[in-house]
Participant: 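Mind having a look at this structure? Questions to follow.
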There are 2 protein chains.
Amino acid sequence: MRPLSPRQQDILDFIRQFIEQEEFPPTIAEITRALGLKSPHGVREQLQALARKGAIELIPSASRGIRLLQKAAERDGLPLIGKVAAGRPLMTEANVEQYCKLGPELFQNKADYLLRVQGSSMRDAGILDGDLLVVQQAAEARSGQIVVARLHDEVTVKTLRLAGEMAYLEPANPEFPVLAVDLSKQELSIEGVVVGVIRNRID
Amino acid sequence: MRPLSPRQQDILDFIRQFIEQEEFPPTIAEITRALGLKSPHGVREQLQALARKGAIELIPSASRGIRLLQKAAERDGLPLIGKVAAGRPLMTEANVEQYCKLGPELFQNKADYLLRVQGSSMRDAGILDGDLLVVQQAAEARSGQIVVARLHDEVTVKTLRLAGEMAYLEPANPEFPVLAVDLSKQELSIEGVVVGVIRNRID
DNA sequence: CGGTAGACTGTCCATAAGAACAGTGTTTTT
DNA sequence: AAAAACACTGTTCTTATGGACAGTCTACCG
C-alpha cells in the first residue's frame with residue numbers, strides 16, 4: 001500500500017475511532033466537522049485517495065459507505081497451522097486449519113500465527129502435546145528463546161542456544177536429545193519465535 | 001430482555017448478518033427489501049419495538065443508525081481478573097484488570113473470564129506462574145477437573161478429587177500439599193472450571 | 001368483547017448525505 | 001519547469017433515508 005499523507009492518516013484514524021465508538025462508519029459531513037473543515041469536498045477527495053491507495057473501500061451511493069480494508073489477520077484472526085506438510089513453507093493455505101480471532105491486548109500485536117504442538121518435548125516449559133503456540137514470524141532469534149525451526153525439512157519447536165558456529169536445539173524434557181547443529185555445515189532456518197501458549201483442551 | 005417475536009428475530013438476524021458482511025448497519029429500506037416487504041413503515045415499527053425491548057439502539061436521524069446491544073462479553077471481551085481481593089466475589093469490578101477479546105473458535109464459547117495464576121502449584125499440569133486461566137463459571141465440578149475453588153475466603157486453583165464426603169484439592173507439583181476438605185464440616189465453593197490456559201510471557 | 005401487540009400497505013415530507021463542478025494555493029516529485 | 005498529488009472553500013443537484021400520519025388484518029389475553 002502506498003504511504004498515506006498525514007492528513008489522510010488523520011482521516012483514517014478518525015474513521016477507525018468513529019467506528020470503534022459508534023459501530024458504524026461516519027458520513028463525509030461528520031468527518032468534515034470532526035476535522036474542523038468547512039467544505040465536505042476536500043474530505044471526499046481524500047477518501048477517494050484513500051480508496052485508490054487501498055486503505056478503504058467506498059461503496060457508491062450508500063450513506064456511510066466506507067469500509068476499512070485492514071489486513072486479513074485483523075478481520076479473520078490468526079491462521080492456525082495444524083499438521084505441517086513436509087517440504088513446504090509453514091504458512092501455506094493447505095496447512096491452515098482455521099482462523100482464530102485474538103484480541104491485540106494479549107500478545108501485544110506480536111502474534112503472526114498459531115501452531116499446534118505435536119509431542120511433549122517441551123513439557124517442562126509448560127508446553128504440552130496439542131497446545132497452540134503463538135508464534136511471531138522471524139528469521140533470526142536470540143539465544144535462549146523458544147523457536148520454531150526447520151532442520152532437514154522438518155519443523156521443530158525447541159529452545160535455541162547459540163555458541164559461535166554451533167547452534168543447539170534444546171528440548172525441555174530429559175527424555176529427548178539435544179540437537180547440535182554446526183551452522184557452517186548444516187542449514188538451520190528459523191521460522192519464528194514463540195511468544196505465547198494457548199491450551200484449549202484440559203485433560 | 002422481553003422475548004422477541006419471530007419477525008423481530010428475523011429482522012435482528014438480518015441486521016446481524018448484514019453488519020457481518022458489509023461492516024455497517026442496513027438502512028430501513030434495505031431491511032424492507034431484504035424481507036420482501038413493500039413499505040418501510042412496518043419495519044420501522046419493528047425496529048422501535050426491538051429498541052424498546054433492548055435488543056438494539058436507534059440513533060435518531062442518523063442514517064444506518066442502528067446499534068446492536070449485545071452482551072458486554074462479546075463487545076469488550078472477557079474480563080481478566082488479576083489479584084483477587086479477599087472476601088469479595090471474583091467477578092467484581094475492582095478485580096478486573098482489563099478486557100481481552102478472544103474468538104469463540106477457541107474454547108467453544110465456554111469461557112466466562114480469565115484468571116491470572118499466582119504461584120507454581122500446578123506446574124506439572126503445564127500451568128505456570130503468571131499464566132492466564134480460561135475459566136468457565138460453574139458451581140459444581142466433576143472429580144478430576146481443574147477448578148477455581150474458594151476455601152476459607154481464599155481462592156485457589158487445584159485438581160478436584162471427590163470421594164464421598166471428602167474433597168481433595170490436589171496440586172500438580174510435589175512441593176505443595178494436598179488439601180483435604182470434609183464437606184460435612186467445611187464449606188468448599190467451586191467458582192469455576194478451568195477450560196484453557198493462555199501464556200503471554202515466554203521466559 | 002374490548003384492548004393490546006404484531007405485522008403489515010401506502011403516501012408524504014424534510015433533511016441527511018453522496019456526487020459533481022468550479023475554483024485556489026502549496027508541496028512534492030520528475 | 002511542468003506535472004502530480006495534497007489540501008482545501010463554496011455551491012448546486014439528486015437521491016437516500018429517517019420520520020410521521022392514515023389505515024388494514026390477525027392473534028391473543030383477560
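Letters go in sequence order (proteins before strands), and every chain restarts at 1.
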Participant: Please state how far atom CZ in B/Phe24 lies from atom C1' in C/dG18, giving the value in whole angstrom units.
Facilitator: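 It is 13 Å, rounded to the nearest whole Å.
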
Participant: By the definition side chain to side chain contact (heavy atoms under 4.5 Å, CB included), identify the one residue from A/Leu160, A/Thr159, A/Val193 that meets it with A/Gln145.
Facilitator: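 Passing option: A/Val193.
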
Participant: Looking at A/Arg64 and A/Glu30, is there a salt bridge between them, counting it only when a charged N and a carboxylate O are closer than 4.0 Å?
Facilitator: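 Result for this pair is yes, salt bridge flagged.
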
Participant: Across nucleotides 25-30 of chain C, 5' to 3', mark each nucleotide with B, S or - according to how protein heavy atoms within less than 4.0 Å reach it.
Facilitator: ------

Participant: Assess the side chains of A/Gln186 and A/His152: does a donor N or O sit below 3.5 Å from an acceptor N or O?
Facilitator: yes

Participant: Can you check the A/Asp10 CG to D/dC6 P distance for me, whole Å?
Facilitator: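 Rounded to the whole Å, the gap is 14 Å.
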
Participant: Can you check nucleotides 8-12 of chain D for protein contacts, nitrogen or oxygen pairs under 3.5 Å, and list what you find?
Facilitator:
residue : atom : partner : partner atom : Å
D/dC8   : OP2  : A/Arg7  : NE           : 2.1
D/dC8   : OP2  : A/Arg7  : NH2          : 3.4
D/dC8   : N4   : A/Glu45 : OE1          : 2.6
D/dC8   : N4   : A/Glu45 : OE2          : 3.4
D/dT9   : OP1  : A/Lys38 : N            : 3.0
D/dT9   : OP2  : A/Lys38 : N            : 3.2
D/dT9   : OP2  : A/Ser39 : N            : 3.1
D/dG10  : N7   : A/Ser39 : OG           : 2.8

Participant: It should be established whether A/Ser5 places a side-chain nitrogen or oxygen under 4.0 Å from OP1 or OP2 of nucleotide D/dA7.
Facilitator: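 The answer is yes; a side-chain N or O of A/Ser5 sits under 4.0 Å from OP1 or OP2.
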
Participant: Going by side-chain contact (heavy atoms from CB on, under 4.5 Å), name the residues that satisfy it together with A/Ser143, two or more places apart in sequence or in a different chain.
Facilitator: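 So A/Ser143 forms a side-chain contact (heavy atoms from CB on, under 4.5 Å) with A/Arg161, A/Leu162.
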
Participant: When the distance from NZ of A/Lys53 to P of D/dA5 is rounded to whole Å, what number comes out?
Facilitator: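 The distance from NZ of A/Lys53 to P of D/dA5 comes to 9 Å, rounded to the nearest Å.
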
Participant: Quick check on D/dG18: is either OP1 or OP2 less than 4.0 Å from any side-chain nitrogen or oxygen of B/Ser61?
Facilitator: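 No.
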
Participant: What's the closest nucleotide to the B/Arg44 side chain, out of D/dC6, D/dG19, C/dA20?
Facilitator: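 Among D/dC6, D/dG19, C/dA20, the one nearest the side chain of B/Arg44 is D/dG19.
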
Participant: Taking the basic N atoms (NZ, or NE/NH1/NH2) and the acidic carboxylate oxygens, is any pair closer than 4.0 Å for A/Glu165 and A/Lys185?
Facilitator: no

Participant: On a heavy-atom basis, which atom in B/Gly126 and which in A/Leu128 lie closest, and how many Å separate them?
Facilitator: CA-CD1, 4.2 Å

Participant: Send over the distance from B/Arg52 CZ to C/dA5 C1', rounded to a whole Å.
Facilitator: 9 Å

Participant: Could you give the CD1-to-C1' distance, from B/Ile31 to D/dA16, as a whole number of Å?
Facilitator: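 Distance check: B/Ile31 CD1 to D/dA16 C1' gives 14 Å.
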
Participant: Do the side-chain N and O atoms of A/Asp13 and A/Gln9 include a donor-acceptor pair separated by under 3.5 angstrom?
Facilitator: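 Looking only at side-chain atoms, A/Gln9 and A/Asp13 do form a donor-acceptor pair, the distance falling under 3.5 Å.
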
